[in-house]
Amino acid sequence: MALFNKKKNSPIALPEKLPQHVGFIMDGNGRWAKKRGLPRSFGHREGAKNFKKIVRYCKDIGLQNISFYAFSTENWQRPKDEVDTIMELFREYIVDVRNFLSENTRMIFLGDKSVFDDDLREKMIRLEEDTAHYTEMTLLMAVNYGGRDEIAHAARILAQKAKDGEIDPKDITEESVADCLYTKGVPDVDLVIRPSGELRLSNYLIWQCAYAEYYFTDVLWPDFSPEDLNKALIDYDGRSRRFGGV
């Protein structure tokens with residue numbers, strides 16, 4: 001696949017075979033703002049703008065499944081004004097998403113929706129239901145999400161089924177656990193991209209990232225560009241994925 005980069009006036013050769021699922025840990029908004037002497041909330045607004053740009057580019061180049069770590073279960077511990085800004089941006093996104101996402105893009109929210117206000121939770125559920133049949137691209141957004149919390153949630157579902165006599169505990173498999181995760185039916189993550197210079201997964205899709213490749217960059221999320229994504233995809237294409245084999 002060759003794309004034309006108008007800015008550089010030269011072609012960019014991307015791999016013919018792209019990852020099935022690319023996960024983004026959107027990190028560095030606060031530091032981006034601090035470097036410019038601005039409130040952290042300004043960095044989150046710039047990060048939200050860049051999120052839309054990267055999603056559009058992912059769709060343009062044909063990525064099938066993309067997920068974004070937007071707000072973790074631990075992020076509630078941040079200052080109230082910062083949390084309020086993130087929630088405001090999330091509300092704006094929910095309202096605008098039908099215009100922002102063209103048809104044929106499926107939307108899935110990962111995480112515990114019960115903590116959100118009734119109107120917001122209902123909008124999230126309705127959006128998931130209305131786009132469930134779309135197949136061109138699946139966009140997953142992790143809000144109030146934690147990887148360990150997700151696995152505990154799946155364990156509770158299986159435990160209840162065992163208690164009700166629907167399953168025998170000895171018959172529980174990796175597949176039955178995966179079927180109880182928020183990502184049911186979505187391929188596991190092939191490539192995790194984390195901007196900002198941090199070198200950790202931060203409790204993001206830890207089950208689904210069991211065999212993922214990691215790509216770290218010092219670029220802060222508001223500055224993360226389509227060109228930076230190209231570099232990550234090209235780097236991924238050069239790696240040998242043996243999944244335990246030789």
Side-chain angles (χ1 to χ4, degrees), residues 20-30 44 47-48 50-52 54-55 58 63 65-80 82-94 97 101 105-129 131-132 137-158 177-196 198-212 214 216 221 224:
Q20 286 192 79
H21 184 170
V22 178
F24 296 86
I25 299 177
M26 298 186 289
D27 195 16
N29 293 338
H44 289 300
N50 196 49
F51 161 77
K52 292 184 178 182
I54 295 299
V55 168
C58 287
L63 289 176
N65 302 278
I66 53 175
S67 58
F68 292 83
Y69 206 3
F71 193 82
S72 74
T73 50
E74 293 83 9
N75 286 158
W76 295 106
Q77 302 171 35
R78 293 187 176 188
K80 184 178 183 302
E82 183 175 349
V83 172
D84 288 346
T85 295
I86 295 172
M87 289 298 110
E88 179 187 348
L89 289 169
F90 185 44
R91 281 185 176 276
E92 291 175 4
Y93 173 78
I94 292 293
V97 69
L101 286 179
T105 298
R106 183 185 181 193
M107 187 78 206
I108 298 175
F109 294 100
L110 311 177
D112 180 7
K113 301 183 184 71
S114 66
V115 300
F116 297 107
D117 293 341
D118 290 345
D119 67 311
L120 183 56
R121 182 171 62 254
E122 289 170 5
K123 288 177 181 177
M124 295 165 68
I125 294 171
R126 191 177 307 119
L127 185 59
E128 289 180 323
E129 292 174 346
T131 63
M137 185 176 76
T138 298
L139 168 59
L140 306 97
M141 180 180 289
V143 286
N144 191 38
Y145 174 86
R148 290 181 175 179
D149 181 72
E150 179 183 30
I151 294 172
H153 177 261
R156 288 192 293 272
I157 293 174
L158 291 169
V177 174
D179 283 344
C180 294
L181 299 176
Y182 297 125
T183 53
K184 178 181 178 180
V186 177
D188 284 345
V189 180
D190 294 310
L191 172 64
V192 178
I193 299 174
R194 181 165 192 165
S196 84
E198 302 294 346
L199 307 177
R200 56 182 177 271
L201 197 55
S202 293
N203 202 21
Y204 185 54
L205 296 176
I206 53 179
W207 177 283
Q208 299 86 338
C209 287
Y211 284 99
Y214 295 171
F216 301 107
W221 175 252
F224 187 84

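- Thr183 OG1 to Ile108 CD1: the interatomic distance, rounded to the nearest 0.5 Å, is 8.0 Å.
- Contact check for Ser72 versus Asn203: no side-chain heavy atoms found under the 4.5 Å cut-off.
- Contact between Tyr204 and Gly23 at its shortest, heavy atoms only, is CE2-CA, 4.5 Å.
- To the nearest 0.5 Å, the span separating CG on Leu201 from SG on Cys209 amounts to 5.0 Å.
- Contact of the Asn29 side chain with the Glu82 side chain is not registered, since no non-hydrogen atoms from C-beta on lie closer than 4.5 Å.
- When side chains are defined from C-beta on, Leu199 does not count as touching Tyr214, because their heavy atoms never get closer than 4.5 Å.
- Under 3.5 Å, the side chains of Asp188 and Trp207 contain no donor-acceptor pair of N or O atoms.
- Judged purely by atom type and a 3.5 angstrom limit, Asp117 has no side-chain atom pairing as donor or acceptor with the backbone of Asp119.
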For Cys180 and Leu158, what are the C-alpha separation, side-chain angles and deciding distance, and is it a side chain to side chain contact (heavy atoms under 4.5 Å, CB included)?
-> CA-CA 8 Å; Cys180 294; Leu158 291 169; 3.8 Å; yes

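- Looking at Asn50, Leu63, Ile66 one by one, the single match for side-chain contact (heavy atoms from CB on, under 4.5 Å) with Val55 turns out to be Ile66.
- Between Phe51 and Phe68, the gap from one ring centroid to the other is short of 6.0 Å.
- Of the options Leu140, Leu127, Asn144, a side-chain contact (heavy atoms from CB on, under 4.5 Å) to Phe109 is made by Leu127 and by none of the others.
- Distance CD/Glu122 to CD/Glu129: 10.5 Å, rounded to 0.5 Å.
- Closest of all the heavy-atom pairs between Ser202 and Arg194 is OG-NH1, 2.7 Å.
- For His44 (side chain) and Ile86 (main-chain N/O), no donor-acceptor pair under 3.5 Å exists by modelled atom type.
- Residues Phe71 and Met141 fail the side-chain proximity criterion, which asks for heavy atoms closer than 4.5 Å.
- Residue Met107 forms a side-chain contact (heavy atoms from CB on, under 4.5 Å) with just one option from Ile94, Thr138, Thr131, and that option is Thr131.
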Intermediate values then yes/no, salt bridge (charged side-chain N to carboxylate O under 4.0 Å, His left out), Arg200 and Asp27 | CA-CA 11 Å; Arg200 56 182 177 271; Asp27 195 16; 5.7 Å; no

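- Looking at heavy atoms from C-beta onward, Ile54 lies in side-chain contact with Trp221 at the 4.5 angstrom threshold.
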Do Gln208 and Leu181 pass the side chain to side chain contact (heavy atoms under 4.5 Å, CB included) test, and can you show the C-alpha distance, the side-chain angles, and the key distance before you say yes or no?
-> CA-CA 9 Å; Gln208 299 86 338; Leu181 299 176; 3.8 Å; yes

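- Within the structure, the salt bridge (Lys or Arg N to Asp or Glu O under 4.0 Å) test picks out no pair touching residues 146-157 (sequence neighbours left out).
- Heavy-atom minimum distance, Gln20 versus Pro187: OE1-CG, 3.8 Å.
- The side-chain heavy atoms of Tyr145 and Ser67, taken from C-beta on, include no pair separated by under 4.5 Å.
- Side-chain contact of Ser196 with Glu198: a donor-acceptor pair under 3.5 Å is absent, judged by distance alone.
- Distance check: Met87 CE to Trp76 CH2 gives 4.5 Å after rounding to the nearest 0.5 Å.
- Leu205 has its side chain out of reach of Tyr182: every pair of non-hydrogen atoms, C-beta onward, lies at least 4.5 Å apart.
- Nearest heavy-atom pair, Gly146 versus Thr73, reported as atom, atom and distance to 0.1 Å: N-CG2, 3.7 Å.
- Side-chain atoms of Phe116 and Val143, non-hydrogen and from C-beta on, do get closer than 4.5 Å to each other.
- Between Ile25 and Pro195 the shortest heavy-atom distance is O-CD, 3.1 Å.
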